Amino acid sequence: VSAVHAGDPNRVADLPIEGGEAPGRGRGGPAPVRIVVGYGFWIFILSDMVMFSAFFAAYAVLADATAGGPAGKQIFDLGNVAVETACLLASSFACGLASLAAGARRQLWFHLAMAATFVLGAGFLGLELKEFADLAAKGDGPQRSAFLSAFFTLVGCHGAHITAGLLWLLTMMAQVVAKGFRADILRRILCFTLFWHALDIIWVAIFTMVYLIGAGR
Amino acid sequence: MKLLGNLDWSAIPLDQPIPMAASGVVALGITAVLGWVVLTGRLPYLWREWITSVDHKRIGVMYCLLALVMLLRGFSDAIMMRSQQAFALNSGGYLPPEHYDQVFSAHGTIMIFFVAMPFLIGLMNFVLPLQLGVRDVAFPTLNSVSFWLTATGALLVNISLVIGEFARTGWLPYPPLSELRYSPGVGVDYYLWALQISGVGTLLTGINFVTTILKLRAPGMGYLRMPMFCWTALASNLLIVAAFPILTATLAMLILDRYLGFHFFTNEAGGNMMMFVNLIWAWGHPEVYILILPAFGVFSEVVSTFSAKPLFGYRSMVIATMAICLLSFMVWLHHFFTMGAGADVNAFFGVMSMIIAVPTGVKVFNWLFTIYGGRVRFTAPMLWAIGFMITFVIGGMTGVLLAVPPADFVLHNSLFLVAHFHNVIIGGVLFGAFAGYAYWFPKAFGFRLHEGLGQAAFWCWFVGFYIAFMPLYVLGLMGMTRRLQHYDVPEWRPWTWIAMAGAVVILIGICCQIAQLVVSIRRRESLRDVTGDPWDGRSLEWSTASPPPEFNFAVLPDVHGEDAYWNMKQRALDEAAAEPAYEAIEMPRNSPTGFVCAFFATVMGFALIWHIWWLAIAGLLGAWATFVVFAWRDHTEREIPADEVARIDRANLASRRGAPREAVT
């Protein structure tokens with residue numbers, strides 16, 4: 001009977017994960033909210049990766065369908081991509097610092113780290129948009145060939161995620177200012193950091209499969 | 001820039017009597033219902049208790065209601081097609097081709113996405129937390145968002161009836177037909193945005209339920225103690241999580257082709273239309289199992305309960321379910337053997353398709369052995385289950401036949417195929433949904449459905465199905481292709497008449513179901529379920545009251561084995577246990593987030609269909625703002641005091657023990 005109330009799924013209390021009675025594996029009853037939220041968000045990230053994999057598959061099928069237009073080799077600027085990658089990885093590092101600051105309940109450090117994350121993420125996005133705009137200006141926009149359609153969609157989908165992430169980031173900063181490090185806010189910060197790091201993983205795949213392999217062919 | 005994009009008065013088909021009359025009737029019906037709700041002062045109740053509810057039981061009921069209403073719409077399309085083909089020998093029939101094409105496209109789209117899916121998701125919503133012995137799903141507000149986004153999709157499809165048109169491409173919009181050049185109207189756009197929006201809802205449901213099943217279970221409810229319905233729901237929702245993003249991506253590519261001139265699937269500039277067919281079936285085949293697996297779960301519960309025996313071969317059933325879950329991703333190419341992938345590829349997918357029939361066969365034998373030696377009660381849910389077993393085996397065998405590539409080359413795109421998939425979807429998914437509807441109805445509402453009318457509905461559906469679809473097998477073998485608006489082969493005509501007659505018998509079945517609902521509501525006092533356990537059930541949902549209190553269980557049950565509630569009854573724990581220490585329960589507050597968000601999604605979808613860009617942006621911003629407002633709430637939960645919990649639970653226990661309620665308080 002003692003285990004009965006331990007894992008009320010609807011309790012907001014920020015239960016410790018370590019040594020919790022309820023791992024959610026069927027012994028101690030429902031898992032604490034923090035585990036449930038993180039777990040659910042992991043499942044969402046998995047589904048997002050499946051969506052990306054469909055765009056990757058489309059890119060792989062259409063990579064050679066240049067229809068007389070440019071191939072990857074002619075349009076990819078690895079220098080630009082290197083700077084983009086550096087921005088994104090550095091922003092992920094800053095995001096990690098932000099979650100440490102949130103764990104330590106340090107408002108100032110949290111906002112500084114989140115601001116750094118934002119600036120680096122926005123820098124990445126700016127470089128990507130510039131790449132897109134330059135290509136479109138040269139007549140090599142997504143309407144030019146199936147290859148370019150797939151390229152713009154795959155890379156642009158990642159960029160759209162980054163944009164949504166930046167919007168989310170600002171919302172989280174505003175929430176921390178308004179509400180402080182409340183349990184539900186901390187759970188959202190956890191989800192945001194998972195999201196932001198997952199976009200890095202996607203970017204590593206894009207960097208390799210699109211830019212490195214494309215420029216080398 | 002035009003303020004209303006491409007929308008003007010020509011979008012309303014004033015010259016076509018059928019859609020105008022149909023939408024007129026629907027509009028009258030909606031106005032009548034809304035007027036009744038408002039005039040009788042029930043609007044605040046509806047808003048408070050249903051529209052903003054985040055209770056999984058209420059959301060489940062709303063899902064099922066949506067499915068039943070859309071079933072009527074989808075069935076009207078079906079009977080129009082059957083009558084058109086019965087009359088259209090050497091003549092145009094009464095449906096012009098452009099209308100007939102919309103009818104069969106809408107029929108498929110509605111039946112899969114807005115009948116089968118919401119029906120099963122509704123059942124899972126209602127049943128899963130009860131069977132797992134917990135108080136709600138993992139993310140209650142998200143659950144409400146899912147439902148309302150699904151309703152948005154259904155609404156958009158129905159708006160297309162009166163404003164503009166629906167797709168003429170079939171239920172899967174194969175390019176290049178669905179590309180802008182060959183489908184310049186808004187029909188395909190209605191399809192795309194309706195499915196994108198409801199697809200988001202389905203994906204969120206999948207995430208929600210996977211998390212619920214894996215992380216929220218009553219103490220002691222280990223994986224191998226979960227009822228079979230929970231297992232099949234787990235497999236189904238894992239498939240949703242893994243497959244629906246592919247649909248989203250594929251439809252997004254088609255949207256980019258149509259809206260921004262991309263070249264994913266076009267004839268020009270290197271586009272590859274076969275990639276669409278591959279991608280859509282990489283989602284589409286798992287989708288088949290997303291639908292059938294929860295139905296398998298329903299049958300497992302029903303067969304076990306009404307045979308008064310534990311499910312035979314529980315563990316082999318679990319393995320079979322998870323095997324189907326995996327294998328369902330390895331057979332998609334059998335939907336287009338004729339693509340020309342070559343003999344080796346076709347042989348691989350043909351063999352895989354036959355292999356996936358093995359775990360399904362395991363399940364059929366398990367159900368049969370569960371019945372064997374049991375004390376069988378032939379109630380309506382059990383009749384649906386037995387009807388399913390016979391029908392589904394026939395459908396499965398024609399499926400194995402179609403999995404043989406050389407046979408498929410002859411039969412593909414014919415009415416044989418149409419007969420096959422109706423054989424498994426009606427005989428499997430729909431019968432399963434109806435079995436679950438009859439089985440869990442008393443749990444949801446506290447009174448049983450009228451048994452006689454339920455059995456009459458079953459027999460009409462069962463017999464009607466055979467009369468309607470067996471002729472289609474024959475027609476397929478005679479060479480009749482699917483989706484024919486008219487034809488000139490006199491030999492086909494008698495069979496189309498028989499099929500038409502079958503559709504009428506099914507119509508009588510549907511009338512029986514409507515009558516059953518009306519009669520049951522009117523006679524609810526005599527059909528009242530006071531014990532909470534009307535069928536002598538085995539799993540935890542029967543251990544609580546009918547209808548269950550908002551918090552499901554006053555005290556979370558403690559599980560000691562399979563068939564948790566059966567064990568409790570055997571050991572008389574329920575009766576003998578001392579009164580538990582009641583504690584206050586925190587439940588999530590209701591929230592209009594789902595409804596408001598779906599409102600903005602509807603606005604956005606409609607605006608995108610008609611290229612009203614400012615409105616689309618406004619809709620998107622509105623949806624985002626809704627979530628920010630939701631995230632800003634300070635009070636997310638509401639406490640039900642221990643006294644209140646105790647009062648409700650004591651009343652329930654008293655009712656269950658057959659004692660008068662007053663005596664115990």
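The figures here come from the full heavy-atom set of this structure, side chains too, leaving out hydrogens, waters and symmetry mates. Here the structure is a predicted model, which means the values were calculated and not measured. Chain A is the first sequence line, chain B the second, and so forth, proteins listed ahead of strands; every chain is numbered from 1.
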Starting at CG of B:L203, measure out to CG of A:D48 and round the result to the nearest 0.5 Å.
8.5 Å
Side chains of B:T211 and A:W42, heavy atoms from C-beta outward: is any pair under 4.5 Å?
no
Approximate separation, where rounding is to 0.5 Å, of B:E268 CD and A:S145 OG:
12.5 Å
Given a strict heavy-atom distance threshold of 4.5 Å, which part of A:R182 is in contact with chain B: side chain, backbone, both, or neither?
side chain
Does any part of the side chain of A:M51, heavy atoms only, come nearer than 4.5 Å to the side chain of B:I246, both counted from C-beta?
no
Output, in order, the C-alpha distance, side-chain angles, deciding distance and verdict of side-chain contact (heavy atoms from CB on, under 4.5 Å) for B:D634 and A:K179.
CA-CA 9 Å; B:D634 285 325; A:K179 312 273 177 191; 2.8 Å; yes
Determine the option with the most heavy-atom pairs under 4.5 angstrom with chain B, choosing from A:A54, A:G141, A:A57.
A:A54
Crowded around A:W109 CH2? As in, over 12 foreign heavy atoms under 6.0 Å?
no
Carefully, step by step, assess B:M253 and A:F55 under the rule side-chain contact (heavy atoms from CB on, under 4.5 Å).
CA-CA 9 Å; B:M253 291 180 216; A:F55 287 123; 3.6 Å; yes
Between A:A178, A:A146, A:C157, which shows the greatest number of heavy-atom pairs under 4.5 Å with chain B?
A:A146
Applying a strict 4.5 Å limit to non-hydrogen atoms, the region of B:A282 in contact with chain A is neither
Look only at the side chain of B:R217 and the backbone of A:A31, and say whether a donor-acceptor pair between them is shorter than 3.5 Å.
no
A:D184 and B:R633 ion-paired at < 4.0 Å
no
How long is the gap from OG1 on B:T266 to CD on A:Q143, to the nearest 0.5 Å?
11.0 Å
Among the listed options A:G68, A:G69, A:P142, the residue most often paired with chain B at heavy-atom distances under 4.5 Å
A:P142
Max heavy-atom pairs within cutoff under 4.5 Å with chain A, candidates B:G271, B:G270, B:A249, goes to B:A249
Which one, B:W624, B:F244, B:W283, B:F265, leads in non-hydrogen pairs under 4.5 Å with chain A?
B:W624
Supply the atom-to-atom distance A:I43 CD1 to B:F209 CZ, rounded to the nearest 0.5 angstrom.
14.0 Å
Based on non-hydrogen pairs under 4.5 Å, which of A:I185, A:T171, A:T153, A:D64 is most in contact with chain B?
A:T153
So how far is it from A:L62 CG to B:M275 CE, rounded to the nearest 0.5 Å?
4.0 Å
Measuring from A:S47:OG to B:L238:CG, what's the distance to the nearest 0.5 Å?
12.0 Å
Min side-chain heavy-atom separation A:V36-B:F139 under 4.5 Å
yes
Where B:P219 and A:P30 come nearest, the two heavy atoms and their spacing
CD-CD, 4.5 Å
Counting only heavy atoms closer than 4.5 Å, note whether B:W632 contacts chain A via side chain, backbone, both or neither.
both
Validation row: B:L256, A:S149 side chains within 4.5 angstrom (heavy atoms)
no
What heavy-atom pair brings A:V50 and B:V241 nearest, and what distance separates the two atoms?
CG2-O, 4.5 Å
Neighbour count above 12 (heavy atom, 6.0 Å) for A:R106 CZ
no
